Amino acid sequence: MIAIPTKSSHTGQDYLPKNVTETTKRSPNQSLLPLTAKINPHDHLEIGGCDLKTLVQQFGSPLYILDETTLRTACQQYRDNFKTYYQGESQVIYASKAWSCLAVVGVIAKENLGFDVVSGGELYTTQKALSQLGYSCQEIAQKIYFHGNNKSVVELEQAIEVGCTIIVDNWLELETLAQLGNSSPNRTIPILIRLTPGIECHTHEYIRTGHLDSKFGFDPNQLEAVFTYLTEHKSLDCRGLHAHIGSQIFEKQPHQDLAGVLVEWLKIGQEYGLTLPELNIGGGLGICYTEEDDPPSIEEWVKAVSEAVMKACKRSEIPLPKLIAEPGRSLIGSACVTAYTVGSRKEIPEIRTYIAVDGGMSDNPRPITYQSAYRVVLGNKMSAEINETVTVAGKHCESGDILIKDAQLPQTHPGDILVIMGTGAYNYSMASNYNRLPRPAAVLVHNGEANLILRRESYDDLIRQDCLPQKLLS
Ligand SMILES: *Cc1c(COP(=O)(O)O)cnc(C)c1O
(Lines give C-alpha, C1' and ligand atoms only; values in the text may rest on other atoms or scores of the structure.)
Protein backbone atom coordinates (compact mmCIF):
# COMPACT_ATOMS: atom_id res chain seq x y z
CA MET A 1 0.00 0.00 0.00
CA ILE A 2 2.77 2.45 0.72
CA ALA A 3 5.50 3.92 -1.37
CA ILE A 4 8.71 1.99 -1.21
CA PRO A 5 11.79 4.06 -1.87
CA THR A 6 13.68 2.15 -4.55
CA LYS A 7 17.15 2.48 -5.93
CA SER A 8 15.88 4.25 -9.04
CA SER A 9 13.84 6.94 -7.27
CA HIS A 10 15.65 8.53 -4.44
CA THR A 11 13.95 11.56 -2.92
CA GLY A 12 11.65 12.41 -0.04
CA GLN A 13 8.81 12.32 -2.57
CA ASP A 14 8.92 8.52 -2.38
CA TYR A 15 7.45 8.60 1.11
CA LEU A 16 4.39 10.55 0.05
CA PRO A 17 1.03 8.82 -0.25
CA LYS A 18 0.52 8.04 -3.94
CA ASN A 19 -3.19 8.42 -4.48
CA VAL A 20 -3.76 11.91 -3.16
CA THR A 21 -7.29 12.26 -4.52
CA GLU A 22 -8.63 9.48 -2.33
CA THR A 23 -7.15 10.81 0.88
CA THR A 24 -9.85 9.71 3.28
CA LYS A 25 -10.26 6.25 1.74
CA ARG A 26 -6.75 5.16 2.57
CA SER A 27 -6.16 3.45 5.87
CA PRO A 28 -4.02 5.81 7.98
CA ASN A 29 -2.17 2.93 9.63
CA GLN A 30 -0.80 1.88 6.23
CA SER A 31 0.69 5.27 5.45
CA LEU A 32 4.11 6.49 6.58
CA LEU A 33 3.18 10.15 6.35
CA PRO A 34 -0.13 11.72 7.39
CA LEU A 35 -2.77 11.49 4.64
CA THR A 36 -2.62 15.19 3.80
CA ALA A 37 1.15 15.24 3.23
CA LYS A 38 2.23 17.11 0.09
CA ILE A 39 5.23 18.86 -1.33
CA ASN A 40 4.56 22.55 -1.87
CA PRO A 41 6.11 24.87 -4.50
CA HIS A 42 8.95 25.74 -2.09
CA ASP A 43 9.87 22.04 -2.12
CA HIS A 44 8.85 21.90 1.55
CA LEU A 45 6.76 19.21 3.17
CA GLU A 46 3.24 20.38 3.86
CA ILE A 47 0.82 18.67 6.25
CA GLY A 48 -2.77 19.72 6.80
CA GLY A 49 -2.08 22.56 4.37
CA CYS A 50 0.72 23.94 6.57
CA ASP A 51 4.34 24.36 5.47
CA LEU A 52 6.51 22.54 8.00
CA LYS A 53 9.38 24.97 7.77
CA THR A 54 7.01 27.85 8.50
CA LEU A 55 5.53 25.91 11.42
CA VAL A 56 8.97 25.44 12.91
CA GLN A 57 9.73 29.15 12.46
CA GLN A 58 6.47 30.01 14.17
CA PHE A 59 6.27 27.42 16.97
CA GLY A 60 9.90 26.42 17.47
CA SER A 61 11.80 23.17 17.23
CA PRO A 62 11.39 20.29 17.91
CA LEU A 63 7.70 20.32 17.13
CA TYR A 64 5.01 17.64 17.11
CA ILE A 65 2.67 18.22 14.15
CA LEU A 66 -0.64 16.40 14.43
CA ASP A 67 -2.83 16.14 11.32
CA GLU A 68 -6.50 16.39 12.19
CA THR A 69 -7.67 14.79 8.92
CA THR A 70 -5.60 11.66 9.47
CA LEU A 71 -6.73 11.29 13.07
CA ARG A 72 -10.39 11.81 12.21
CA THR A 73 -10.15 9.46 9.23
CA ALA A 74 -8.81 6.67 11.43
CA CYS A 75 -11.63 7.27 13.95
CA GLN A 76 -14.22 7.22 11.16
CA GLN A 77 -12.82 4.06 9.60
CA TYR A 78 -12.99 2.17 12.89
CA ARG A 79 -16.42 3.49 13.79
CA ASP A 80 -18.07 3.13 10.38
CA ASN A 81 -16.60 -0.26 9.56
CA PHE A 82 -17.91 -1.70 12.81
CA LYS A 83 -21.33 -0.38 11.77
CA THR A 84 -20.91 -2.05 8.38
CA TYR A 85 -19.55 -5.41 9.46
CA TYR A 86 -20.92 -6.02 12.95
CA GLN A 87 -24.61 -6.69 13.27
CA GLY A 88 -24.81 -5.82 16.97
CA GLU A 89 -24.02 -2.61 18.79
CA SER A 90 -20.40 -1.48 18.75
CA GLN A 91 -18.20 1.16 20.30
CA VAL A 92 -14.65 2.22 19.56
CA ILE A 93 -12.71 3.65 22.47
CA TYR A 94 -9.36 5.38 22.12
CA ALA A 95 -6.55 3.98 24.26
CA SER A 96 -5.51 7.39 25.51
CA LYS A 97 -2.17 6.23 26.86
CA ALA A 98 -0.98 6.60 23.23
CA TRP A 99 -1.33 10.40 23.58
CA SER A 100 -3.47 12.02 26.23
CA CYS A 101 -4.06 15.76 26.20
CA LEU A 102 -7.16 17.99 26.06
CA ALA A 103 -7.07 18.62 22.30
CA VAL A 104 -6.56 14.97 21.33
CA VAL A 105 -9.50 14.03 23.55
CA GLY A 106 -11.45 16.84 21.89
CA VAL A 107 -10.88 15.73 18.30
CA ILE A 108 -11.59 12.09 19.09
CA ALA A 109 -14.72 12.95 21.09
CA LYS A 110 -16.02 14.89 18.07
CA GLU A 111 -15.84 11.61 16.17
CA ASN A 112 -17.99 10.00 18.83
CA LEU A 113 -15.39 7.60 20.16
CA GLY A 114 -15.03 6.68 23.80
CA PHE A 115 -11.84 6.62 25.87
CA ASP A 116 -9.84 4.06 27.72
CA VAL A 117 -7.76 5.55 30.52
CA VAL A 118 -5.20 3.79 32.72
CA SER A 119 -4.58 6.19 35.57
CA GLY A 120 -6.18 8.89 37.64
CA GLY A 121 -4.24 11.41 35.54
CA GLU A 122 -5.58 10.15 32.22
CA LEU A 123 -9.05 9.97 33.73
CA TYR A 124 -8.72 13.56 34.94
CA THR A 125 -7.49 14.79 31.54
CA THR A 126 -10.26 13.02 29.65
CA GLN A 127 -12.98 14.09 32.04
CA LYS A 128 -11.79 17.73 32.00
CA ALA A 129 -11.70 17.83 28.20
CA LEU A 130 -15.14 16.25 27.84
CA SER A 131 -16.74 18.54 30.39
CA GLN A 132 -15.16 21.60 28.73
CA LEU A 133 -16.63 20.35 25.45
CA GLY A 134 -20.05 20.38 27.07
CA TYR A 135 -20.75 16.69 27.57
CA SER A 136 -23.05 15.87 30.46
CA CYS A 137 -21.90 13.81 33.44
CA GLN A 138 -23.90 10.89 32.15
CA GLU A 139 -22.34 11.09 28.69
CA ILE A 140 -18.89 11.32 30.22
CA ALA A 141 -19.57 8.26 32.38
CA GLN A 142 -20.63 6.28 29.34
CA LYS A 143 -17.59 7.25 27.28
CA ILE A 144 -14.85 6.24 29.70
CA TYR A 145 -13.37 2.85 30.58
CA PHE A 146 -10.81 2.73 33.36
CA HIS A 147 -7.93 0.24 33.08
CA GLY A 148 -4.89 -0.58 35.18
CA ASN A 149 -3.36 -3.46 37.07
CA ASN A 150 -2.85 -1.56 40.32
CA LYS A 151 -5.44 1.16 40.65
CA SER A 152 -5.24 2.87 44.01
CA VAL A 153 -8.27 3.19 46.25
CA VAL A 154 -8.24 6.92 45.51
CA GLU A 155 -8.31 6.20 41.76
CA LEU A 156 -11.15 3.72 42.20
CA GLU A 157 -13.13 6.29 44.20
CA GLN A 158 -12.40 8.85 41.49
CA ALA A 159 -13.72 6.41 38.85
CA ILE A 160 -16.85 5.65 40.88
CA GLU A 161 -17.43 9.38 41.25
CA VAL A 162 -17.19 9.82 37.45
CA GLY A 163 -19.40 6.77 36.99
CA CYS A 164 -17.26 5.24 34.24
CA THR A 165 -16.87 1.52 33.65
CA ILE A 166 -13.96 0.03 35.58
CA ILE A 167 -12.04 -2.80 33.95
CA VAL A 168 -11.21 -5.00 36.91
CA ASP A 169 -7.80 -6.58 36.73
CA ASN A 170 -7.39 -8.69 39.88
CA TRP A 171 -8.89 -9.99 43.12
CA LEU A 172 -7.73 -7.12 45.32
CA GLU A 173 -9.46 -4.68 43.01
CA LEU A 174 -12.61 -6.77 42.79
CA GLU A 175 -12.85 -7.03 46.56
CA THR A 176 -12.08 -3.33 47.07
CA LEU A 177 -14.79 -2.39 44.61
CA ALA A 178 -17.31 -4.68 46.26
CA GLN A 179 -16.56 -2.92 49.56
CA LEU A 180 -16.80 0.53 48.02
CA GLY A 181 -20.05 -0.56 46.36
CA ASN A 182 -21.53 -1.64 49.69
CA SER A 183 -20.86 1.77 51.18
CA SER A 184 -22.99 3.51 48.54
CA PRO A 185 -25.99 1.17 48.35
CA ASN A 186 -28.08 3.22 45.90
CA ARG A 187 -25.81 2.66 42.98
CA THR A 188 -24.05 -0.20 41.27
CA ILE A 189 -20.56 0.01 39.86
CA PRO A 190 -20.26 -0.91 36.17
CA ILE A 191 -17.30 -3.19 35.59
CA LEU A 192 -15.70 -5.43 32.97
CA ILE A 193 -13.47 -8.35 33.93
CA ARG A 194 -10.05 -8.43 32.29
CA LEU A 195 -8.74 -11.87 31.44
CA THR A 196 -5.39 -13.14 30.25
CA PRO A 197 -6.51 -15.39 27.44
CA GLY A 198 -3.28 -17.22 26.67
CA ILE A 199 -2.88 -15.46 23.33
CA GLU A 200 0.14 -13.27 23.03
CA CYS A 201 1.48 -11.28 20.12
CA HIS A 202 4.73 -9.61 19.52
CA THR A 203 5.03 -8.02 16.15
CA HIS A 204 6.40 -11.07 14.47
CA GLU A 205 5.36 -13.91 16.72
CA TYR A 206 2.11 -15.20 17.93
CA ILE A 207 1.84 -17.54 20.90
CA ARG A 208 -1.21 -19.46 21.98
CA THR A 209 -0.88 -21.17 25.35
CA GLY A 210 -3.15 -22.25 28.18
CA HIS A 211 -1.76 -19.67 30.55
CA LEU A 212 0.31 -16.58 30.12
CA ASP A 213 3.02 -14.99 32.15
CA SER A 214 1.55 -11.48 32.26
CA LYS A 215 0.99 -8.96 35.01
CA PHE A 216 -2.40 -8.03 33.57
CA GLY A 217 -5.77 -9.59 34.17
CA PHE A 218 -7.24 -12.70 35.78
CA ASP A 219 -5.90 -16.08 34.84
CA PRO A 220 -8.61 -18.07 33.02
CA ASN A 221 -8.59 -20.71 35.76
CA GLN A 222 -10.05 -18.02 38.07
CA LEU A 223 -12.98 -17.41 35.76
CA GLU A 224 -15.60 -19.48 37.54
CA ALA A 225 -14.52 -18.18 40.95
CA VAL A 226 -14.89 -14.63 39.66
CA PHE A 227 -18.35 -15.38 38.24
CA THR A 228 -19.41 -16.91 41.55
CA TYR A 229 -18.13 -13.84 43.41
CA LEU A 230 -20.07 -11.56 41.05
CA THR A 231 -23.33 -13.43 41.65
CA GLU A 232 -22.82 -12.81 45.37
CA HIS A 233 -21.99 -9.10 45.11
CA LYS A 234 -24.85 -7.24 43.57
CA SER A 235 -23.24 -3.82 43.99
CA LEU A 236 -20.99 -4.81 41.08
CA ASP A 237 -22.72 -4.60 37.71
CA CYS A 238 -20.56 -6.81 35.52
CA ARG A 239 -21.06 -5.63 31.93
CA GLY A 240 -18.82 -8.24 30.32
CA LEU A 241 -15.29 -9.36 29.57
CA HIS A 242 -12.12 -7.74 28.30
CA ALA A 243 -8.77 -8.85 26.93
CA HIS A 244 -5.89 -7.06 25.25
CA ILE A 245 -3.26 -9.27 23.67
CA GLY A 246 -0.47 -6.98 22.52
CA SER A 247 0.52 -4.10 20.32
CA GLN A 248 1.84 -3.37 16.81
CA ILE A 249 0.19 -6.59 15.57
CA PHE A 250 0.18 -7.36 11.83
CA GLU A 251 -1.93 -10.51 11.86
CA LYS A 252 -5.69 -10.90 12.13
CA GLN A 253 -5.73 -14.46 13.45
CA PRO A 254 -4.85 -13.63 17.08
CA HIS A 255 -7.88 -11.37 17.49
CA GLN A 256 -10.08 -13.89 15.69
CA ASP A 257 -8.93 -16.58 18.13
CA LEU A 258 -9.43 -14.15 20.99
CA ALA A 259 -13.02 -13.53 19.90
CA GLY A 260 -13.68 -17.27 20.02
CA VAL A 261 -12.24 -17.67 23.51
CA LEU A 262 -13.98 -14.61 24.97
CA VAL A 263 -17.36 -15.60 23.57
CA GLU A 264 -17.03 -19.07 25.15
CA TRP A 265 -16.31 -17.36 28.46
CA LEU A 266 -19.27 -15.01 28.06
CA LYS A 267 -21.42 -18.09 27.63
CA ILE A 268 -20.06 -19.61 30.84
CA GLY A 269 -20.80 -16.35 32.67
CA GLN A 270 -24.32 -16.30 31.34
CA GLU A 271 -24.79 -19.81 32.71
CA TYR A 272 -24.04 -18.26 36.11
CA GLY A 273 -26.99 -15.92 35.54
CA LEU A 274 -24.88 -12.87 34.67
CA THR A 275 -26.07 -10.97 31.60
CA LEU A 276 -22.65 -9.77 30.40
CA PRO A 277 -23.83 -7.61 27.49
CA GLU A 278 -20.37 -6.29 26.46
CA LEU A 279 -17.26 -7.77 24.91
CA ASN A 280 -14.07 -5.71 24.74
CA ILE A 281 -11.52 -7.16 22.35
CA GLY A 282 -8.70 -4.68 23.18
CA GLY A 283 -6.52 -2.88 20.67
CA GLY A 284 -3.21 -3.66 19.07
CA LEU A 285 -3.47 -3.17 15.31
CA GLY A 286 -0.06 -2.12 13.97
CA ILE A 287 1.02 0.81 11.82
CA CYS A 288 3.73 1.44 9.21
CA TYR A 289 6.84 2.90 10.75
CA THR A 290 8.90 1.79 7.76
CA GLU A 291 8.09 0.54 4.27
CA GLU A 292 8.76 -2.99 5.56
CA ASP A 293 5.78 -2.90 7.92
CA ASP A 294 2.66 -4.46 6.48
CA PRO A 295 -0.34 -4.23 8.79
CA PRO A 296 -3.88 -5.00 7.63
CA SER A 297 -6.02 -1.93 6.99
CA ILE A 298 -8.41 -0.73 9.69
CA GLU A 299 -11.28 -2.03 7.56
CA GLU A 300 -9.73 -5.49 7.18
CA TRP A 301 -9.07 -5.71 10.91
CA VAL A 302 -12.57 -4.59 11.90
CA LYS A 303 -14.14 -6.98 9.40
CA ALA A 304 -12.08 -9.93 10.69
CA VAL A 305 -12.90 -9.17 14.34
CA SER A 306 -16.60 -8.57 13.67
CA GLU A 307 -17.02 -11.76 11.70
CA ALA A 308 -15.14 -13.80 14.29
CA VAL A 309 -17.34 -12.51 17.13
CA MET A 310 -20.54 -13.09 15.17
CA LYS A 311 -19.46 -16.60 14.19
CA ALA A 312 -18.51 -17.49 17.76
CA CYS A 313 -21.81 -16.15 19.12
CA LYS A 314 -23.71 -18.22 16.62
CA ARG A 315 -21.74 -21.32 17.62
CA SER A 316 -22.27 -20.65 21.34
CA GLU A 317 -25.88 -19.61 20.78
CA ILE A 318 -25.61 -16.36 22.69
CA PRO A 319 -26.93 -12.95 21.62
CA LEU A 320 -24.43 -10.55 20.02
CA PRO A 321 -22.74 -8.51 22.74
CA LYS A 322 -21.96 -4.84 22.39
CA LEU A 323 -18.54 -5.13 20.76
CA ILE A 324 -15.87 -2.73 22.00
CA ALA A 325 -12.42 -2.22 20.51
CA GLU A 326 -9.79 0.02 22.04
CA PRO A 327 -7.11 0.96 19.50
CA GLY A 328 -4.43 3.48 20.40
CA ARG A 329 -1.48 3.37 18.02
CA SER A 330 -3.51 2.73 14.86
CA LEU A 331 -5.76 5.72 15.61
CA ILE A 332 -3.10 8.34 16.19
CA GLY A 333 0.34 6.93 15.34
CA SER A 334 0.41 7.90 11.66
CA ALA A 335 -1.32 11.23 12.20
CA CYS A 336 1.74 12.95 13.65
CA VAL A 337 5.29 13.77 12.62
CA THR A 338 8.06 15.37 14.64
CA ALA A 339 10.10 18.17 13.07
CA TYR A 340 13.66 18.69 14.32
CA THR A 341 16.40 21.11 13.35
CA VAL A 342 19.74 19.74 12.20
CA GLY A 343 22.78 20.78 14.24
CA SER A 344 26.23 19.26 14.49
CA ARG A 345 27.72 16.58 12.28
CA LYS A 346 30.41 14.06 13.10
CA GLU A 347 32.05 11.94 10.44
CA ILE A 348 33.99 8.86 11.50
CA PRO A 349 35.64 7.72 8.28
CA GLU A 350 34.60 4.26 7.13
CA ILE A 351 32.46 3.81 10.23
CA ARG A 352 29.57 6.19 10.51
CA THR A 353 28.37 9.74 10.07
CA TYR A 354 26.26 11.21 12.84
CA ILE A 355 24.00 14.17 12.43
CA ALA A 356 22.52 15.55 15.61
CA VAL A 357 19.12 17.12 16.10
CA ASP A 358 17.69 19.34 18.83
CA GLY A 359 15.61 16.62 20.54
CA GLY A 360 15.94 12.88 20.96
CA MET A 361 15.06 10.29 23.59
CA SER A 362 13.21 12.87 25.70
CA ASP A 363 10.58 13.55 23.02
CA ASN A 364 10.72 10.06 21.46
CA PRO A 365 11.86 7.33 23.87
CA ARG A 366 10.76 4.48 21.58
CA PRO A 367 14.07 3.89 19.77
CA ILE A 368 16.08 3.64 22.99
CA THR A 369 13.35 1.69 24.80
CA TYR A 370 12.21 -0.73 22.11
CA GLN A 371 14.84 -0.35 19.35
CA SER A 372 12.00 0.98 17.23
CA ALA A 373 12.72 1.89 13.63
CA TYR A 374 11.61 5.17 12.08
CA ARG A 375 11.88 6.90 8.73
CA VAL A 376 12.89 10.50 8.11
CA VAL A 377 12.63 13.07 5.30
CA LEU A 378 14.35 16.38 4.77
CA GLY A 379 11.30 18.60 5.21
CA ASN A 380 12.75 21.72 3.59
CA LYS A 381 14.21 19.97 0.51
CA MET A 382 11.80 17.22 -0.37
CA SER A 383 13.07 16.70 -3.92
CA ALA A 384 16.75 16.59 -3.05
CA GLU A 385 18.38 13.35 -4.06
CA ILE A 386 18.86 10.85 -1.22
CA ASN A 387 22.59 10.15 -1.36
CA GLU A 388 23.78 9.63 2.22
CA THR A 389 23.46 7.07 4.95
CA VAL A 390 23.71 8.83 8.29
CA THR A 391 22.74 8.14 11.86
CA VAL A 392 20.33 10.66 13.32
CA ALA A 393 21.32 11.26 16.93
CA GLY A 394 19.60 13.15 19.70
CA LYS A 395 21.25 15.69 21.98
CA HIS A 396 21.08 13.75 25.23
CA CYS A 397 24.03 12.56 27.29
CA GLU A 398 23.50 8.94 26.40
CA SER A 399 25.25 7.04 23.60
CA GLY A 400 22.03 5.15 22.97
CA ASP A 401 20.20 8.37 22.22
CA ILE A 402 19.89 7.56 18.53
CA LEU A 403 16.63 8.31 16.74
CA ILE A 404 17.45 6.51 13.50
CA LYS A 405 20.40 4.30 12.72
CA ASP A 406 21.46 4.31 9.05
CA ALA A 407 18.88 6.80 7.84
CA GLN A 408 18.74 7.54 4.12
CA LEU A 409 18.88 11.29 3.53
CA PRO A 410 20.07 13.91 1.07
CA GLN A 411 23.09 15.99 2.11
CA THR A 412 21.99 18.01 5.15
CA HIS A 413 23.21 21.27 6.65
CA PRO A 414 22.75 22.91 10.04
CA GLY A 415 19.33 24.52 10.16
CA ASP A 416 17.68 21.96 7.86
CA ILE A 417 14.41 20.47 9.05
CA LEU A 418 14.30 16.72 9.62
CA VAL A 419 10.86 15.20 9.80
CA ILE A 420 10.43 11.85 11.54
CA MET A 421 7.22 10.07 10.65
CA GLY A 422 4.78 8.03 12.70
CA THR A 423 5.31 9.80 16.03
CA GLY A 424 1.69 10.17 17.14
CA ALA A 425 1.59 7.22 19.52
CA TYR A 426 3.77 6.69 22.58
CA ASN A 427 5.96 9.74 21.88
CA TYR A 428 4.52 12.76 23.68
CA SER A 429 2.86 10.43 26.19
CA MET A 430 6.23 8.86 27.06
CA ALA A 431 8.24 12.09 26.81
CA SER A 432 10.47 13.13 29.68
CA ASN A 433 12.57 16.08 30.75
CA TYR A 434 15.81 14.09 30.70
CA ASN A 435 18.78 16.47 30.78
CA ARG A 436 16.19 19.11 31.67
CA LEU A 437 15.05 19.56 28.11
CA PRO A 438 11.69 21.30 28.04
CA ARG A 439 9.11 19.13 26.29
CA PRO A 440 8.30 20.33 22.75
CA ALA A 441 5.16 22.11 21.64
CA ALA A 442 2.49 20.36 19.58
CA VAL A 443 0.24 21.84 16.91
CA LEU A 444 -2.93 20.52 15.35
CA VAL A 445 -2.98 21.25 11.61
CA HIS A 446 -6.01 21.33 9.34
CA ASN A 447 -6.84 23.15 6.10
CA GLY A 448 -3.88 25.49 6.31
CA GLU A 449 -4.49 26.42 9.92
CA ALA A 450 -2.27 25.45 12.84
CA ASN A 451 -3.56 25.49 16.41
CA LEU A 452 -1.25 25.16 19.37
CA ILE A 453 -2.41 22.19 21.45
CA LEU A 454 0.56 21.86 23.79
CA ARG A 455 2.70 24.81 24.73
CA ARG A 456 6.45 24.30 24.69
CA GLU A 457 7.69 23.96 28.24
CA SER A 458 9.75 26.83 29.56
CA TYR A 459 12.71 26.66 31.93
CA ASP A 460 10.37 27.93 34.63
CA ASP A 461 8.14 24.93 33.96
CA LEU A 462 11.17 22.75 34.60
CA ILE A 463 11.72 24.09 38.12
CA ARG A 464 8.03 24.53 38.94
CA GLN A 465 7.91 21.53 41.27
CA ASP A 466 11.40 22.02 42.71
CA CYS A 467 11.68 22.95 46.37
CA LEU A 468 14.74 24.43 47.97
CA PRO A 469 14.67 23.49 51.69
CA GLN A 470 14.80 26.52 53.97
CA LYS A 471 17.84 25.18 55.82
CA LEU A 472 19.98 25.53 52.66
CA LEU A 473 19.20 29.21 52.44
CA SER A 474 20.75 30.21 55.77
C1 LIG B 1 -2.06 -0.29 25.22
C2 LIG B 1 -3.42 -0.82 25.30
C3 LIG B 1 -4.31 -0.64 24.24
C4 LIG B 1 -3.92 0.02 22.94
O5 LIG B 1 -2.93 -0.68 22.27
P6 LIG B 1 -2.47 -0.19 20.82
O7 LIG B 1 -1.46 -1.19 20.42
O8 LIG B 1 -1.91 1.17 20.97
O9 LIG B 1 -3.68 -0.22 19.95
C10 LIG B 1 -5.59 -1.10 24.40
N11 LIG B 1 -5.99 -1.70 25.54
C12 LIG B 1 -5.16 -1.90 26.57
C13 LIG B 1 -5.66 -2.56 27.78
C14 LIG B 1 -3.86 -1.46 26.49
O15 LIG B 1 -3.04 -1.67 27.51
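Predicted model, so just to flag it, every value in this text is computed and none were measured. First listed ligand is number 1; within each ligand, the first listed atom is number 1. The chain is numbered in sequence order, starting from 1.
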Which one holds for H244 and ligand 1: side chain close, backbone close, both close, or neither close, with close meaning a heavy atom under 4.0 Å? side chain
Matching residue for V168 among E175, R194, E173, H242 - test: side-chain contact (heavy atoms from CB on, under 4.5 Å): E173
Interfacing atoms of ligand 1 (cut-off 4.0 Å, heavy-atom, R194): 13 (C)
Is there a polar contact between ligand 1 and S330, counting only N or O atoms under 3.5 Å apart? no
Quick check: does G284 get an N/O under 3.5 Å from an N/O on ligand 1? yes
Which heavy atom of the protein is the closest neighbour of atom 1 (C) of ligand 1, given with residue, atom name and distance? K97 NZ, 1.2 Å
Looking only at the side chains, is there a donor atom on one of E111 and Q76 sitting less than 3.5 Å from an acceptor on the other? yes
Side chain or backbone of Y426 under 4.0 Å from ligand 1, or both, or neither, by non-hydrogen atoms? side chain
Could K97 and Y426 be counted as a cation-pi pair, given that NZ or CZ must be under 6.0 Å from the ring centre and within 45° of the axis? no
Taking the six-membered ring for Trp and the full ring for Phe, Tyr or His, determine whether the centres of W171 and Y229 are under 6.0 Å apart. yes
Using a 6.0 Å distance limit plus a 45 degree cone around the ring axis, check whether R366 lies over the aromatic ring of Y289. yes
If the contact criterion is a heavy-atom separation under 4.0 Å, does P327 count as touching ligand 1? yes
So for V118 against ligand 1, with non-hydrogen atoms under 4.0 Å, the contacting part is neither
Positive for side-chain contact (heavy atoms from CB on, under 4.5 Å) with V419, one of I65, V56, V337: V337
Residue from T70, N447, T73, D67 passing side-chain hydrogen bond (donor to acceptor under 3.5 Å, both in side chains) with T36: D67
Which atoms of ligand 1 are found less than 4.0 Å from any heavy atom of R329? 6 (P), 8 (O), 9 (O)
Can you check whether H244 and H147 have ring centres sitting under 6.0 Å from each other? no
Distance from atom 4 (C) of ligand 1 to nearest protein heavy atom, with residue and atom: A95 CB, 3.4 Å
Show which atoms of ligand 1 fall inside a sub-4.0 Å distance from at least one heavy-atom site of D116. 10 (C), 11 (N)
For atom 10 (C) of ligand 1, grab the closest protein heavy atom and report residue, atom and distance to one decimal in Å. E326 O, 3.1 Å
Using the rule side-chain contact (heavy atoms from CB on, under 4.5 Å), only one of D358, T423, I420, I417 pairs with P62; which is it? D358
Which of the listed options, G328, S247, G283, G148, holds the heavy atom that is closest to atom 7 (O) of ligand 1? S247
